[in-house]
Asks: 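Got a structure for you, questions after.
One is the number of the first residue; the rest follow in order along the sequence.
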Amino acid sequence: MKIIKLFLPFFLVALLFASCGKSDYADVVPKDASLVIEVNMADIASKGGIAESKLLASVKTNLDYIASGDDKAKLVEIFDNPENTGIDFTVPVYAFTASGSFGVAARLSDETAFEDFITLLSNQGFAVQPSERDGVKWVSLLDELDMVYKDDVLLITMPLDPEGSAGNKRNASNWITQDKSEECFSSTDHYKRMQETDGDVVAYFDVDDYAGKLKSMMFKDMRDAEVSAVASLSFEDGCAKMKTSIFSNDEKVNNAIAEYGKNLRKIGGQYIDTPMEDFMAWFGCNVDGNWLLPILKSDKDIKTLMFMIERGIDIEKIIKSVDGDMAIVVPKMNPADESETGFDFIATAQLKNSDFLSDVDGWTKSMKDYGLSMLRTGKNQYELLTADGKINWGVDDNELYFATENAYKLNAFSGRSALLKDYADKIKDSRMYLYVNLESLPMVELSQLMGLGHEYAFIFANMKALTFSMNEASEFEVNLVLKNPKENFLKQIFN
């Protein structure tokens with residue numbers, strides 16, 4: 001089978017990640033790496049049951065398509081005993097990006113066994129025999145990967161740009177011979193933070209490179225400041241959990257982050273019981289509108305949207321009146337009745353005052369100049385008519401609401417969901433909270449939403465919810481919750 005022949009070498013390279021522990025071979029990771037990932041696959045392999053998995057059994061069964069005789073027997077032995085590759089499986093593997101290259105660093109325990117492994121790959125056409133230059137041995141793998149090793153250090157690199165082969169080789173040579181005390185990532189405070197963080201996978205990254213827009217929205221006065229993050233991913237029974245902390249080497253930046261958190265207050269829980277049945281997503285926070293307004297306006301897209309709304313109503317004055325819990329609910333998607341605005345939603349917020357209601361008559365008159373109109377549907381309740389559809393809004397018992405027409409109707413006639421009650425304590429301990437009801441999405445659509453084909457829909461069959469929470473301004477947590485609290489997500493992947 002052609003797919004097995006293509007897949008096998010990547011599976012063999014993945015054996016590098018079957019590890020746990022720490023070692024100074026990580027010194028080959030360069031100091032300027034913008035992303036560093038430490039993978040502890042010993043725990044992952046155990047939690048996922050890889051040794052007894054259908055995936056591994058399938059690969060071993062189909063080895064006939066790429067090998068025979070002694071070579072096949074040796075490959076089976078390697079899958080059963082990965083240490084026969086000569087790679088040390090008592091330490092973690094580090095993957096990283098720097099200077100236009102992607103790299104993987106591991107430690108060799110037996111150079112002779114490793115070269116026997118390379119010979120085995122060479123016999124199948126996946127690698128070439130090692131050559132030595134300046135005390136460093138080189139191997140080409142799959143015509144795209146450069147493998148270099150010296151003493152007990154193994155480094156695999158590939159260019160991020162298909163045209164960057166020459167630069168990739170130069171990077172590999174420089175990194176495996178670099179000054180360990182000054183030029184390596186392991187000499188940085190970022191590396192120390194990684195070592196202090198527990199998880200099956202731990203990663204460091206530069207926030208500007210991977211979440212620059214979020215940084216500019218949250219911390220508009222620190223756009224030029226260096227902000228970094230360390231994240232951990234742990235696969236627990238019933239849940240895959242990722243925790244992220246952001247920080248800076250500049251104490252002024254850390255103080256500004258803490259100040260941001262003071263303005264984003266803990267959620268009071270006002271709207272935990274209010275989402276409609278079969279809702280798709282719920283987002284909650286607790287803010288003062290005077291603080292929120294400049295944050296929203298710092299984003300170009302939101303500022304443009306607000307400008308469009310301003311043609312009809314004074315949205316800035318309304319936002320300034322908010323003080324307390326806010327919630328946004330997105331109902332279950334239904335293409336047959338989806339609103340013309342792109343998606344349906346209903347937003348609610350507690351108010352410090354509703355003085356803006358005295359301006360409604362003036363808004364109703366002025367918006368006619370823009371081809372808009374607004375009808376009064378009840379006491380302090382209105383229907384805004386735009387070219388894109390209807391928006392229902394109003395004030396009820398000192399609470400503001402905005403809703404698309406479909407969401408407004410669904411909310412009026414639907415029962416209330418109890419899904420959030422199990423998360424009430426966590427919500428009230430958070431400054432932001434997002435709950436995505438994965439059960440409301442068909443598996444095929446969810447697979448496509450994640451950028452995968454319909455054939456991977458089975459992966460999502462046991463998923464219940466995706467949650468995001470901000471506990472402090474510098475701490476975030478994402479959980480993938482499974483329907484079966486005793487199941488492990490990894491077993492679904494490998495079995």
Side-chain angles (χ1 to χ4, degrees), residues 16-17 22-40 91-107 133-136 138 144-197 199 201-216 219 222-233 244-254 257 474:
L16 291 175
F17 290 92
K22 297 170 172 61
S23 174
D24 61 1
Y25 70 94
D27 289 344
V28 299
V29 180
K31 192 173 185 177
D32 62 350
S34 61
L35 172 67
V36 180
I37 304 173
E38 179 187 285
V39 184
N40 183 349
V91 292
V93 166
Y94 291 89
F96 60 93
T97 60
S99 304
S101 292
F102 171 79
V104 177
R107 189 174 72 184
R133 298 194 301 271
D134 301 323
V136 177
W138 293 75
E144 294 183 359
L145 307 178
D146 289 310
M147 301 177 67
V148 295
Y149 56 102
K150 179 183 180 182
D151 300 327
D152 64 347
V153 178
L154 170 64
L155 176 63
I156 304 174
T157 64
M158 65 176 292
L160 296 175
D161 184 339
E163 304 299 323
S165 178
N168 183 68
K169 293 182 184 298
R170 184 167 56 252
N171 287 338
S173 179
N174 291 338
W175 293 337
I176 203 166
T177 59
Q178 69 185 355
D179 186 326
K180 307 300 189 242
S181 62
E182 297 180 359
E183 300 173 4
C184 57
F185 180 77
S186 57
S187 68
T188 66
D189 290 337
H190 304 324
Y191 178 77
K192 293 176 183 177
R193 284 179 178 266
M194 289 182 67
Q195 304 313 296
E196 295 168 354
T197 304
V201 180
V202 178
Y204 154 83
F205 59 92
D206 186 310
V207 172
D208 274 329
D209 288 344
Y210 298 94
K213 185 171 182 178
L214 178 63
K215 171 190 165 185
S216 65
F219 314 116
M222 299 184 295
R223 290 172 181 166
D224 297 327
E226 177 189 338
V227 180
S228 304
V230 167
S232 66
L233 176 61
T244 302
S245 297
I246 60 174
F247 57 90
S248 175
N249 290 330
D250 186 337
E251 198 56 35
K252 291 182 179 179
V253 176
N254 289 327
I257 293 173
S474 60

Asks: Taking the side chain as every heavy atom from C-beta outward, state whether Val230 and Lys192 have any pair of such atoms under 4.5 Å apart.
Replies: no
Asks: Run the side-chain hydrogen bond (donor to acceptor under 3.5 Å, both in side chains) test against Asn171 and tell me which residues pass, sequence neighbours left out.
Replies: Ser101
Asks: If you look at every heavy atom in Thr177 and Lys150, which pair is closest and at what distance?
Replies: CG2-NZ, 4.3 Å
Asks: Within this structure, what is the CZ-OG1 distance for the pair Phe205 and Thr244, rounded to the nearest 0.5 Å?
Replies: 5.5 Å
Asks: If I compare all heavy atoms of Ala98 with all of Pro30, which pair ends up nearest, and what's the gap?
Replies: CB-CG, 3.6 Å
Asks: Distance from Ile37 atom CD1 to Met194 atom CE, nearest 0.5 Å?
Replies: 8.5 Å
Asks: Would you find a donor on one side and an acceptor on the other, under 3.5 Å apart, between the side chain of Gln178 and the backbone of Asp27?
Replies: yes
Asks: Rounded to the nearest 0.5 Å, what separation is found between the OG atom of Ser228 and the CZ atom of Arg193?
Replies: 8.5 Å
Asks: Looking at Ala106 and Val93, what are the two nearest heavy atoms and their distance?
Replies: CB-CG2, 4.1 Å
Asks: With Lys31, which residues qualify under salt bridge (charged side-chain N to carboxylate O under 4.0 Å, His left out), at least two apart?
Replies: none
Asks: Where is the tightest heavy-atom contact between Val136 and Val148, given as atom of each residue plus distance?
Replies: CG1-CB, 3.9 Å
Asks: Pick one: which of Trp175, Tyr191, Phe102 meets ring-ring contact (aromatic ring centres under 6.0 Å, His included) with Phe96?
Replies: Trp175
Asks: So for atom CG, which belongs to Asp134, do other residues, nucleotides or ligands contribute more than 12 heavy atoms lying within a distance under 6.0 Å?
Replies: no
Asks: For the atom pair CD1 (Ile257) and CD1 (Ile246), what is the distance rounded to the nearest 0.5 Å?
Replies: 4.5 Å
Asks: Quick one: OG1 on Thr157 to CG on Leu145, what's the gap to the nearest 0.5 Å?
Replies: 8.0 Å
Asks: Would you give the length of the straight line joining atom CG of Asn254 to atom CZ of Phe247, rounded to the nearest 0.5 angstrom?
Replies: 9.0 Å
Asks: Would you say the side-chain atoms of Ser34 and Asp206 include a donor-acceptor pair closer than 3.5 Å?
Replies: no
Asks: If you compare all heavy atoms of Gly199 against all heavy atoms of Ser232, which two are closest, and at what distance to 0.1 Å?
Replies: CA-CB, 4.4 Å
Asks: Does Tyr94 reach the side chain of Val28, with side-chain heavy atoms less than 4.5 Å apart?
Replies: no
Asks: Donor-acceptor check, side chain of Asp250 to backbone of Lys252, threshold 3.5 angstrom: yes or no?
Replies: yes
Asks: With a 4.5 Å limit on heavy-atom distance, are the side chains of Asp32 and Ser99 in contact?
Replies: yes
Asks: In chain order, what residues pass the side-chain contact (heavy atoms from CB on, under 4.5 Å) check against Arg170, with sequence neighbours excluded?
Replies: Asn174
Asks: Between Phe185 and Tyr204, does the ring centroid distance fall short of 6.0 Å?
Replies: yes
